[in-house]
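This report concerns only the one structure given below.
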Protein chains: 2
Amino acid sequence: MAYRETEKMRNRKAQARQHILDCAYRCVIEGGFRSAQITHVAKAAEVATGTIYRHFESKEELFAEIFRTATQREVNKVAEALATVDSAVIRLEAALRQFAERALRGPTMAWSLIAEPVDPRVEAERLLYRKAYAEHFEQAIRDGIEEGSIPPQNARQSSTCLVGAIAESLVGPLSPTQADGEREPDPDQQSELVESIVCFCIQGLTGIRR
Amino acid sequence: MAYRETEKMRNRKAQARQHILDCAYRCVIEGGFRSAQITHVAKAAEVATGTIYRHFESKEELFAEIFRTATQREVNKVAEALATVDSAVIRLEAALRQFAERALRGPTMAWSLIAEPVDPRVEAERLLYRKAYAEHFEQAIRDGIEEGSIPPQNARQSSTCLVGAIAESLVGPLSPTQADGEREPDPDQQSELVESIVCFCIQGLTGIRR
DNA sequence: ACAACAAATGAATAATGATTCACTTATTTT
DNA sequence: AAAATAAGTGAATCATTATTCATTTGTTGT
């Protein structure tokens, strides 16, 4: 025998894999999943199309992984905002803000994660992550009910409503048909948007007018 | 010259067109837009594939029309519920109920209209109709603000939140991955679902606990 | 240097489905 | 009945992309 898999090679392989992921990620940032074809990704990563299949089972697998990574980052941010020592209502408010503001700051990716039509395999990830968001919210709502700052209610259902309300509110502003070429920030309008969403949601939870 | 288009032929043509629409509609009811390929539709309508292109510009055009018709029906139902003489809050509540209950009664079509991944041309219709729902809600919210039953707020934004909250709440229960084979009604669970949605939404609007 | 194996390549292939078009059939008018 | 025109047909074509695989290039141990 002559060739034995070595540490150096294992590293190099992992690095190549990561490089492909990074480039594919950049493709999605630039034009959504739609425009991120294997050929593009291969070109961006400066490898042959076949190489991608050495590292990933299929296109869907590759993009599912990207979706997972990107959304996990967002879920973590929301979880972070919910992890302070404040009252549940304050924490939920912060989390909703975080969600909306981050989306508006990275609109293409946010749109891809929230609303872009994607392959079934990737859509499955999306459903999973919507559930993940909802679960974080749900826990906070339960906390609020326990501490008395939120009236008793179906926490599961309410959390789903939160996710829906915020996502729907963002679809318009993020949609590429809406403001494709130049997605100007217009900070005033954006912060009013965020305020209205938060206001509706907190009121929906607590019944307390602000 | 010899052939002149006649009333009889115009009727027959319109009828053929409608027949194709009906059959395509039935295909969508049965398996969503995904499984409604031109070949299937042609087979269902007992015409050749080419015939379909005599009546419709393209596949997307055909399905956009179906989407439009189906959603318009739903929008009308919501509009109807909003058109009574009751107070705005009562009317909004009835409309939300109507929306949710109808969706749960026709789950495949509802899922196709609300959440199924579709072609861009059809997706455009979806966005349009989401806006249509929101506009009806918006008007009712304005009425409520005027009559004093709903506190002042950004009616446009709140209406979007309503649409998002209700749609998201239904995606899970309607999703074919969730309960594909047999979508049992389980009326108890469904009515609890509807109650929670309505409760959250009305509270989000009014700030009044129920 | 060479044997043994792994990784990379990218043109060729495959798969999917919408769309076309040369041809057949039906309808109307003279 | 025959000319003129429209509607219908469906096998063949086209377009788009993901995926494969025979071949080349790179790495390791003796």
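Chain letters run A, B, ... following the sequence lines, proteins first and then strands; every chain starts at 1.
Applying the ring-ring contact (aromatic ring centres under 6.0 Å, His included) test to residues at least two apart or on different chains, the pairs with a partner in residues 112-133 of chain B are B/Phe99-B/Tyr133.
Rounded to whole angstrom, the span from the CD1 atom of B/Ile20 across to the P atom of D/dA7 amounts to 12 Å. Between B/Arg17 atom CZ and D/dA7 atom C1' there is a gap of 15 Å when expressed in whole angstrom units. One can place CD of B/Glu46 at 12 Å from P of D/dG10, the figure rounded to the nearest angstrom. Rounded to an integer number of Å, the gap from CD of B/Gln15 to C1' of D/dA7 is 15 Å. Rounded to a whole Å, the CD atom of A/Glu7 is 12 Å from the P atom of D/dT28. In this entry the distance linking NZ of A/Lys43 with P of D/dT17 reads 13 Å, nearest Å. With rounding to whole Å, A/Arg10 atom CZ is found 13 Å from C/dA6 atom C1'. For the pair A/Asn11 CG and D/dG26 P, the interatomic distance rounds to 20 Å; values are reported in whole Å.
Take A/Ala95 and apply the side-chain contact (heavy atoms from CB on, under 4.5 Å) test, not counting sequence neighbours, and it matches A/Val78, A/Ala81, A/Leu82, A/Phe137. Taking B/Glu57 as the reference, nothing meets the salt bridge (charged side-chain N to carboxylate O under 4.0 Å, His left out) condition, with sequence neighbours excluded. Listed by chain and residue number, B/Glu138 satisfy the salt bridge (charged side-chain N to carboxylate O under 4.0 Å, His left out) test with B/Arg142 (two or more places apart in sequence, or in another chain). By the salt bridge (charged side-chain N to carboxylate O under 4.0 Å, His left out) test, A/Glu93 pairs with A/Arg97, A/Arg210, sequence neighbours left out. Listed by chain and number, the residues in a salt bridge (charged side-chain N to carboxylate O under 4.0 Å, His left out) with B/Glu7 are B/Arg10 (sequence neighbours excluded).
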B/S/- along nucleotides 10-23 of chain C (protein heavy atoms under 4.0 Å) is BB-----SSBB---
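Dashed line: the shortest gap from a side-chain N or O of A/His55 to OP1 or OP2 of C/dA8 is under 4.0 Å. Between A/Lys13 and C/dA6 there is no side-chain N or O to OP1 or OP2 distance below 4.0 Å.
Taking a cutoff of 4.0 Å between a charged side-chain nitrogen and a carboxylate oxygen, B/Glu123 and B/Arg126 qualify as a salt bridge.
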Give every donor-acceptor pair under 3.5 Å between a side-chain atom in residues 19-34 of chain A and any protein atom, sequence neighbours left out.
unit_1	atom_1	unit_2	atom_2	d
A/His19	NE2	A/Ala45	O	3.1
A/Asp22	OD1	A/Gln18	NE2	3.0
A/Tyr25	OH	A/Arg73	NH2	3.1

Tabulated below should be each protein N or O lying under 3.5 Å from an N or O of nucleotides 25-27 of chain C; please produce it.
unit_1	atom_1	unit_2	atom_2	d
C/dT27	OP1	B/Arg12	NH1	2.5
C/dT27	OP1	B/Arg12	NH2	3.2

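Side-chain contact of A/Asn76 with A/Glu80: a donor-acceptor pair under 3.5 Å is absent, judged by distance alone.
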